[in-house]
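First the proteins, then the strands, lettered A, B, ... as listed; each starts at 1.
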2 protein chains.
Amino acid sequence: MRNTAQRDTVLKVVEASCDHPSAETIYTRCREIMPEISLGTVYRNLKVLVELGKIREVSILNAGDRYDKTVGLHAHFRCKRCGCVLDVPANDLETLEKGVESKTGFQIDGTEVLFVGVCDKCRAI
Amino acid sequence: MRNTAQRDTVLKVVEASCDHPSAETIYTRCREIMPEISLGTVYRNLKVLVELGKIREVSILNAGDRYDKTVGLHAHFRCKRCGCVLDVPANDLETLEKGVESKTGFQIDGTEVLFVGVCDKCRAI
DNA sequence: TGATTTAATAGTAATAGTTACTAATAGCGA
DNA sequence: TCGCTATTAGTAACTATTACTATTAAATCA
């Protein structure tokens with residue numbers, strides 16, 4: 001594992017993003033800082049950073065993966081109209097996890113919660 | 001909207017499956033019953049059946065979409081070791097949804113909950 | 001019943017997102 | 001500074017899915 005300027009750039013870009021960007025979006029933002037960075041490098045480093053636990057991968061139904069600077073347990077909401085992806089603080093998720101663990105006997109290492117619907121801004125229109 | 005033998009076959013195959021199959025797997029199973037069915041037809045009918053609310057689409061982090069005959073609100077668990085996808089009855093999901101709706105003002109139309117970990121069979125090994 | 005209409009089909013091409021490959025580059029320890 | 005090797009840029013390949021097109025067949029109607 002080596003410290004490269006490319007890896008730092010990918011991490012900085014994700015940490016500066018509040019919109020749960022896709023790999024392609026992260027690539028575009030990286031190129032603004034480091035124009036020679038390649039898409040493959042972005043994908044590889046995203047994977048490395050997820051493995052290191054520095055960022056988190058978020059799966060959105062019917063779309064490519066997104067990335068999140070917040071690694072702690074929380075839920076996501078995707079608006080069907082505007083496509084925005086927002087964090088949803090849900091402090092009862094840990095209780096939910098624990099309940100499933102004790103009921104099923106499974107070992108749970110990660111939980112993905114995605115609500116799909118219409119956000120308040122779009123509802124107001 | 002026409003009633004075709006192909007659509008019936010796709011629906012029957014999903015309803016007969018307990019393993020949350022992928023589109024490709026559904027295609028293979030359909031061909032055992034109807035050898036001339038094409039992959040595009042399977043994809044198109046899966047989409048139609050999801051829109052009709054007869055089956056459900058399940059997103060698994062880091063893999064293609066899966067399909068589920070059970071449309072009611074429930075969670076899923078994916079084992080990192082054997083790759084199996086199982087239903088997790090979670091009756092507190094509705095409470096979770098309602099809580100988020102009232103806290104955020106969002107309209108929630110669907111909720112996806114995925115636990116990732118190690119299933120009891122794999123833990124025993 | 002048979003003709004007509006048009007949604008759905010099979011088969012194939014195209015696309016999007018992601019991963020693999022390869023020669024060149026650049027961190028980092030000796 | 002040298003040498004080793006992980007990482008890189010650039011490109012090719014791959015996987016999952018969608019789009020396209022000529023053909024077929026389900027439902028409607030004469």
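For the helix from dT1(C)-dA30(D) to dA30(C)-dT1(D), the end axes, each set by the C1' atoms of five terminal pairs, are bent relative to each other by 30° (nearest 10°).
In this structure, the ring-ring contact (aromatic ring centres under 6.0 Å, His included) partners of Phe106(A), at least two apart in sequence or on a different chain, are Phe77(B). Taking Ile33(A) as the reference, Thr9(A), Val13(A) meet the side chain to side chain contact (heavy atoms under 4.5 Å, CB included) condition, with sequence neighbours excluded. Every residue two or more places apart in sequence or in another chain was checked for a side-chain hydrogen bond (donor to acceptor under 3.5 Å, both in side chains) with Thr28(B), and none qualifies. Partners of His20(B) according to the ring-ring contact (aromatic ring centres under 6.0 Å, His included) rule, which considers only residues two or more places apart in sequence or in another chain, are His76(B). With sequence neighbours excluded, the residues forming a side-chain hydrogen bond (donor to acceptor under 3.5 Å, both in side chains) with Arg31(A) are Tyr27(A), listed by chain and number. Partners of Thr95(A) under the side-chain hydrogen bond (donor to acceptor under 3.5 Å, both in side chains) rule, at least two apart in sequence or in another chain, do not exist in this structure.
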Could you list the protein-to-nucleotides 22-30 of chain D atom pairs, N/O on both sides, closer than 3.5 Å?
{"unit_1": "dA26(D)", "atom_1": "N3", "unit_2": "Arg2(B)", "atom_2": "NH1", "d": "3.4"}

Contact list (N/O, under 3.5 angstrom) for nucleotides 15-23 of chain C vs protein:
{"unit_1": "dT18(C)", "atom_1": "OP1", "unit_2": "Asp65(A)", "atom_2": "N", "d": "3.3"}
{"unit_1": "dT18(C)", "atom_1": "OP2", "unit_2": "Tyr43(A)", "atom_2": "OH", "d": "2.6"}
{"unit_1": "dT18(C)", "atom_1": "O5'", "unit_2": "Tyr43(A)", "atom_2": "OH", "d": "3.4"}

Discussion item. Please determine whether salt bridge (Lys or Arg N to Asp or Glu O under 4.0 Å) holds for the pair Arg29(A) and Asp19(A), giving the CA-CA distance in whole Å, both sets of side-chain angles, and the decisive distance to 0.1 Å.
Written reply: CA-CA 12 Å; Arg29(A) 290 179 192 167; Asp19(A) 55 348; 2.7 Å; yes

Worksheet item: What's the verdict on side-chain hydrogen bond (donor to acceptor under 3.5 Å, both in side chains) for Gln6(A) and Asp8(A), showing C-alpha distance, side-chain angles and the deciding distance?
Response: CA-CA 5 Å; Gln6(A) 286 85 348; Asp8(A) 286 350; over 6 Å; no

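Grouping Ile, Leu, Val, Met, Phe, Trp and Tyr by side-chain contacts under 4.5 Å, direct or through others, puts Val116(B) with Leu61(B), Leu114(B).
Checked by atom type and distance alone, the side chain of Arg7(A) never pairs as donor or acceptor with a backbone atom of Leu49(A) at under 3.5 Å. Put simply, the side chain of Arg78(B) never gets that close to the backbone of Ile60(B): no donor and acceptor are under 3.5 Å apart.
Atom CD in Glu36(A) sits about 13 Å away from atom P in dT25(C), given to the nearest Å. Nucleotide dT18(D) holds its C1' atom 13 Å from the CG atom of Leu46(B), rounded to whole Å. Rounded to whole Å, atom P of dA10(C) lies 12 Å from atom CZ of Arg7(B). Tyr27(B) places its OH atom 12 Å from the C1' atom of dT12(C), with the value rounded to the nearest Å. Taking atom CD1 on Ile37(A) and atom P on dT7(D), their separation rounds to 14 Å, with Å as the unit. The CE atom of Met34(A) sits 11 Å away from the P atom of dA26(C) (whole-angstrom rounding).
Using a 4.5 Å cut-off on side-chain heavy atoms (C-beta onward), Asp120(B) and Thr104(A) make no contact.
The number of heavy-atom neighbours closer than 6.0 Å to NZ of Lys69(B), taken from other residues, nucleotides and ligands shown, is above 12. Counting heavy atoms of neighbouring residues, nucleotides and ligands inside a 6.0 Å radius, atom CD of Glu101(A) exceeds 12 of them.
Grouping the Ile, Leu, Val, Met, Phe, Trp and Tyr side chains by contacts below 4.5 angstrom, directly or via other members, places Tyr43(A) apart from Val58(A).
Within a heavy-atom distance below 4.0 Å of DNA chain C, no residue of residues 78-87 of chain A is found. Of the residues in residues 49-57 of chain B, none lies under 4.0 Å from DNA chain C by heavy-atom distance.
Contact annotation: Ser38(A) does not reach the phosphate of dT8(D) (side-chain N/O to OP1 or OP2, under 4.0 Å).
Minimum interatomic distance between Thr70(A) and Asp68(A) (heavy atoms only, all atoms of both residues): N-OD1, 2.9 Å.
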